Each structure stands twice: as structure tokens, then as C-alpha cells.
Protein chains: 2
Amino acid sequence: MTFSEENYLKTIYHLTSVSDADISTNAIAEKMETKASSVTDMLKKLSEKDLVNYVKYQGVSLTDKGKLAAKMIVRKHRLWECFLVEKLDFSWDEVHDIAEQLEHIKSEKLINKLDDFLGNPTEDPHGDPIPDANGRIIKVEKQLLSEFEKNQIGICVGVKDTSSDFLKYLDKQEIALGSQIEIIEKESFDSSFRIRVGTKEITISNKIASNLYIK
Amino acid sequence: MTFSEENYLKTIYHLTSVSDADISTNAIAEKMETKASSVTDMLKKLSEKDLVNYVKYQGVSLTDKGKLAAKMIVRKHRLWECFLVEKLDFSWDEVHDIAEQLEHIKSEKLINKLDDFLGNPTEDPHGDPIPDANGRIIKVEKQLLSEFEKNQIGICVGVKDTSSDFLKYLDKQEIALGSQIEIIEKESFDSSFRIRVGTKEITISNKIASNLYIK
DNA sequence: AATTTATTTTAGACTTGGCTAAAAATATAT
DNA sequence: ATATATTTTTAGCCAAGTCTAAAATAAATT
Ligand SMILES: [Mn+2]
Ligand SMILES: [Mn+2]
Ligand SMILES: [Mn+2]
Ligand SMILES: [Mn+2]
């Protein structure tokens with residue numbers, strides 16, 4: 001499988017996990033910052049290889065084979081992210097681009113040994129689940145902070161947006177995975193939140209709250 | 001720089017280290033298992049980018065820029081080999097193919113952090129020197145075992161052939177980097193050697209002796 | 001229901017890196 | 001000095017993956 005094929009599969013997998021319905025050519029094109037015509041070409045190719053179910057004009061979904069392949073790429077991406085953060089001391093906002101490259105390294109033995117070396121982590125540095133060697137994923141219940149109400153308390157367990165900008169903002173506010181967060185006030189006018197993180201009290205916009213997973 | 005360009009540079013670098021003269025199109029083609037016509041195409045491209053000095057029919061050599069680029073790829077290859085052996089517990093005959101992929105990962109920060117994580121090794125699992133971040137290499141004096149004479153004693157510090165077959169043969173004979181080797185007898189008829197490795201006495205062919213570096 | 005708009009596919013072109021076969025240049029042998 | 005062999009380059013083709021522009025289909029509006 002080529003890098004390109006792998007990237008398409010991964011994108012379809014990620015889009016599926018949010019919408020559930022068949023994925024449109026345009027949605028893929030947008031996510032991958034490419035042209036719809038290029039997507040059409042690739043969908044034919046992936047369909048030929050039984051990695052996707054594709055009917056012209058009707059959108060696309062992953063076959064079981066395609067889904068497993070996608071999960072294996074995600075597994076590699078997230079394990080490498082763990083490696084970079086845990087072992088090489090990268091910060092969580094620096095690892096994504098490097099993992100985008102590393103996820104294409106082909107060696108089952110390598111990724112399984114890396115998994116063991118890291119102590120078989122179940123989540124990556126952004127709180128996303130890591131599929132095991134068989135593609136199984138441990139789902140953890142979590143809600144967006146924006147859905148919480150006044151006086152509720154939770155632990156930050158993940159981020160929805162993994163952009164460097166957002167992650168750096170969280171660093172600045174000293175919000176990390178594992179931080180305890182308490183809702184002090186929810187402003188009805190703009191849906192912003194007054195929260196306590198550790199000992200500090202801060203105000204965050206609804207946009208921020210909509211990108212933090214809490215348990 | 002593409003994977004292909006990097007592989008050509010690396011090949012030219014390795015060929016240079018043995019012959020010193022300009023490298024022929026055919027020599028590159030043979031080493032890379034490709035066609036001379038493909039090599040010619042790539043040499044034009046590398047020349048355009050000032051990575052090689054290339055004159056039609058006259059062979060090719062690396063420019064300073066090309067040599068540094070080649071060394072950085074070799075650096076990555078060898079550091080990743082160390083990682084695989086030291087940290088992930090691969091054996092020395094399994095790491096080459098994986099390192100062939102990993103050497104193309106683009107991130108200076110990654111490779112320098114990996115270098116530190118490994119304790120800044122100066123040699124890879126096969127005894128080959130690892131260029132530092134500036135491309136500097138620590139040269140170690142070493143001779144082929146085949147050049148040794150009766151009663152000489154040395155330490156095995158490297159292998160010339162790094163094929164899996166050869167390395168597995170060495171494992172079987174319990175010859176590893178660091179092993180003490182003593183020449184008991186040199187057979188004049190076929191230039192084979194009777195040697196002592198640790199406590200064992202074995203006979204090795206001249207071909208084997210010509211692929212072991214001793215200090 | 002007809003028409004307009006948006007989405008998706010097709011057609012044709014381009015780039016990269018490969019190939020074969022033929023031509024040109026260089027090296028070797030007579 | 002000439003003929004032969006080898007090496008290298010050129011010319012022309014192919015496949016993958018991308019693009020633009022045009023055509024086809026589906027969805028939305030009137
Ligand atoms: Mn990531
Ligand atoms: Mn992640
Ligand atoms: Mn190697
Ligand atoms: Mn090596």
C-alpha cells in the first residue's frame with residue numbers, strides 16, 4: 001500500500017468516526033486539501049482493492065478490510081506520538097507532523113515491539129485511544145467540557161482539536177491531561193466558562209470548552 | 001528531497017568510500033538494482049540541485065552539499081539501527097530494512113533527540129561509524145581479519161558485509177562485536193583460518209575472514 | 001415540473017521515477 | 001588505424017498521483 005492510499009484510508013476512517021453516514025468525495029477532498037477529481041481517482045483504486053465500498057455519486061465507506069488497515073495506521077501514528085513524548089521528550093504540540101511520517105513505516109514487528117517498549121499504552125498524548133494489534137479499541141466515556149454544568153467537577157482526559165495553537169494555549173493556561181477542572185460559572189450570554197484548574201481560576205471561551213474532553 | 005534522491009546520494013556516498021575515484025553510471029545502477037538510463041536521469045536532476053558534480057560520460061562525485069546530505073542520511077540510518085537493537089531488542093541482522101525506511105523521516109529535531117536518547121553512540125550495531133549532527137565522523141583504525149597473521153590477537157569491531165545471512169552465520173559461530181579473536185593457524189592452500197573465539201576453536205573460510213574487521 | 005445551483009465524475013494534461021531499445025561515445029583488441 | 005565491445009546517453013513509453021476544465025448527475029428553488 002502506498003503512502004497516498006494509506007492517507008486516504010485514514011481520512012475516511014476519521015470522517016466516519018464523526019458522521020457515521022457514507023462519506024462524500026468533497027468531504028475527503030476538503031480534509032486532505034486536495035481536489036475532488038483526485039479523490040474520485042483514488043476511490044476507484046481503493047474500491048478495486050476492496051478497501052472501500054464505493055458507488056459513483058453515492059459516497060464511500062470502509063470495508064472491514066479497509067477499516068482494519070486504517071486502524072493499523074492510526075495505531076502506528078498514536079504509538080509513535082507516545083514514543084516522541086514519553087521517550088524523546090517532545091511536547092504534545094510537536095509530535096503530530098512527525099507521526100504523520102512515521103505512521104507509514106512498514107513493519108509489524110517494529111510496531112509491536114514499540115508497543116511493548118512503551119508499556120502498551122491505551123491512549124496517545126492527546127487522549128485518543130490506541131488500537132491494539134488486532135484493531136481493538138478501548139472506548140472511554142468522555143464528554144466535552146462545554147456540555148458540563150455549574151459546580152460539576154471532572155478530569156481533563158482528551159482534546160478534540162489537536163492543533164499546535166490550541167495545545168500551546170492549553171500549556172499556557174496550565175491545562176493538561178489529568179488536570180482537575182471545576183465549573184465555577186457558566187455565562188449564559190456567550191456560553192463562556194469560569195473554571196478552576198488546580199488552584200487557578202480562569203475564564204475560557206465556549207470554543208475552548210468545546211474542544212476539551214472531560215471525565 | 002525525495003526518497004529516491006536520498007537513496008541515490010547515499011549510494012554514491014558509499015561507492016565513493018571504497019573507490020575514491022569518480023563513480024560510474026553503471027556502478028550506481030548495479031548497486032541500486034536499477035537501469036543505467038534511470039541513473040543518468042537522476043544524475044542530471046541531482047546535478048541541477050548542486051548535489052553532485054556530473055559530466056556526461058565522465059562519472060559523478062558528490063559536492064560538499066551532496067556529501068553532507070548523504071552523511072545525514074547515513075547518520076539517520078545508523079542511529080535508527082542503534083535504536084532498534086538497543087531499545088527494541090531487535091537482532092543485528094533484522095534492522096537494516098527497517099532503517100532503510102526510517103532514514104527518510106524528515107526532522108532534524110527528531111534525529112538529534114534520538115541521538116541523545118541513545119547516549120550519542122559513535123558506532124552502529126555493525127561497527128560502522130555514526131556521523132554527528134555536523135557530519136563529523138570518528139574514524140577507528142581497523143583491519144580485515146584476512147590480513148592478520150598467525151598468533152596475532154584482536155577484537156572484532158565491525159563487519160564489512162552486513163547481510164542477514166552473514167550476520168546469522170556469525171551468531172551461530174558466536175562471533176559478535178567485542179569478541180576476542182586469536183589466529184591459531186593460517187592455511188596457505190585456501191587462505192582459511194583456524195581461530196579461537198572466546199574458548200572455542202573454529203575454522204573459517206577466507207571469505208568470512210575478509211568480512212570481519214579486527215582491531 | 002422546470003430551472004438553477006452544487007456536487008461529482010470524466011477527459012486530458014503534467015510531473016516523478018521508472019522501463020526498453022536505439023544511438024552515441026568511449027574503451028579495448030586486433 | 002580500424003574494428004569490436006562496453007558504457008552511457010537519448011528517445012520514447014508507462015504508471016501513479018496530481019491538476020484544470022468540461023460534462024454529467026443530484027439537490028435545491030422557484
Ligand atoms: Mn496526531
Ligand atoms: Mn494524537
Ligand atoms: Mn544498515
Ligand atoms: Mn549498520
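On a predicted model such as this, the values are computed, not experimentally measured, just so you know. Protein chains get the first letters and strands the later ones, always in sequence-line order, with residue 1 at the start of each.
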Output every pair passing salt bridge (charged side-chain N to carboxylate O under 4.0 Å, His left out) with a member in residues 7-35 of chain A, not counting sequence neighbours, ordered by first then second residue. A:Lys10-A:Glu100, A:Lys10-A:Glu103
Using the closest heavy atom to pick a nucleotide of DNA chain D for each, name whichever of A:Tyr57 or A:Thr2 lands nearer the 5' end. A:Thr2
Go through residues 48-56 of chain A and report each residue with a non-hydrogen atom lying under 4.0 Å from DNA chain D, sorted by number. none
Could you list, one pair per line, each protein nitrogen or oxygen that sits under 3.5 Å from a nitrogen or oxygen of nucleotides 2-5 of chain C, together with the distance?
none

Distance below 4.0 Å between B:Ser4 side-chain N/O and C:dG18 OP1 or OP2: yes
Provide, to the nearest angstrom, the distance between the CD atom belonging to A:Gln58 and the C1' atom belonging to C:dT9. 13 Å
Distance under 6.0 Å and angle within 45° of the ring axis: does B:Lys186 meet both against B:Phe193? no
Between B:Lys215 and B:Glu141, is there a side-chain N and carboxylate O pair less than 4.0 Å apart? no
Strictly below 4.0 Å, heavy-atom distances to any atom of DNA chain D: list the hits from residues 13-24 of chain B, or just say none. B:Ser24
Is it true that a side-chain atom of A:Ser17 and a backbone atom of A:His14 form a donor plus acceptor pair closer than 3.5 Å? yes
Quick check: does any side chain N or O of B:Asn134 sit under 3.5 Å from a backbone N or O of B:Arg136, one acting as donor and the other as acceptor? no
Show the numbers, then the answer: is there a salt bridge (charged side-chain N to carboxylate O under 4.0 Å, His left out) between B:Arg75 and B:Asp132? CA-CA 7 Å; B:Arg75 168 172 163 77; B:Asp132 72 14; 6.0 Å; no
Tell me whether the NZ or CZ atom of B:Lys113 lies within the 45° cone about the ring axis of A:Phe90 and under 6.0 Å from its centre. yes
Proximity to DNA chain D (any heavy atom under 4.0 Å), residues of residues 25-40 of chain A only: A:Thr34, A:Lys35, A:Ser37, A:Ser38
Using a heavy-atom cut-off of under 4.0 Å over every strand shown, decide if B:Tyr8 touches base, sugar-phosphate, or nothing. sugar-phosphate
Can you run down the ring pair (Phe, Tyr, Trp, His ring centres under 6.0 Å) pairs that involve residues 91-113 of chain A, sequence neighbours left out, and say none if there aren't any? A:Phe3-A:His104, A:His77-A:His96
Above 12 or not: heavy atoms from other molecules or residues under 6.0 Å from CD of A:Glu108? no
Atom pair CD (A:Gln152) and CD1 (A:Ile195), whose distance is rounded to the nearest 0.5 Å: 13.5 Å
Separation of B:Ile130 CD1 from B:Lys76 NZ (nearest 0.5 Å): 14.5 Å
Quick check: does any side chain N or O of A:Ser191 sit under 3.5 Å from a backbone N or O of A:Glu187, one acting as donor and the other as acceptor? no
Taking A:Glu94 first and then B:Lys109, would you say they form a salt bridge - that is, a charged N and a carboxylate O separated by under 4.0 Å? yes
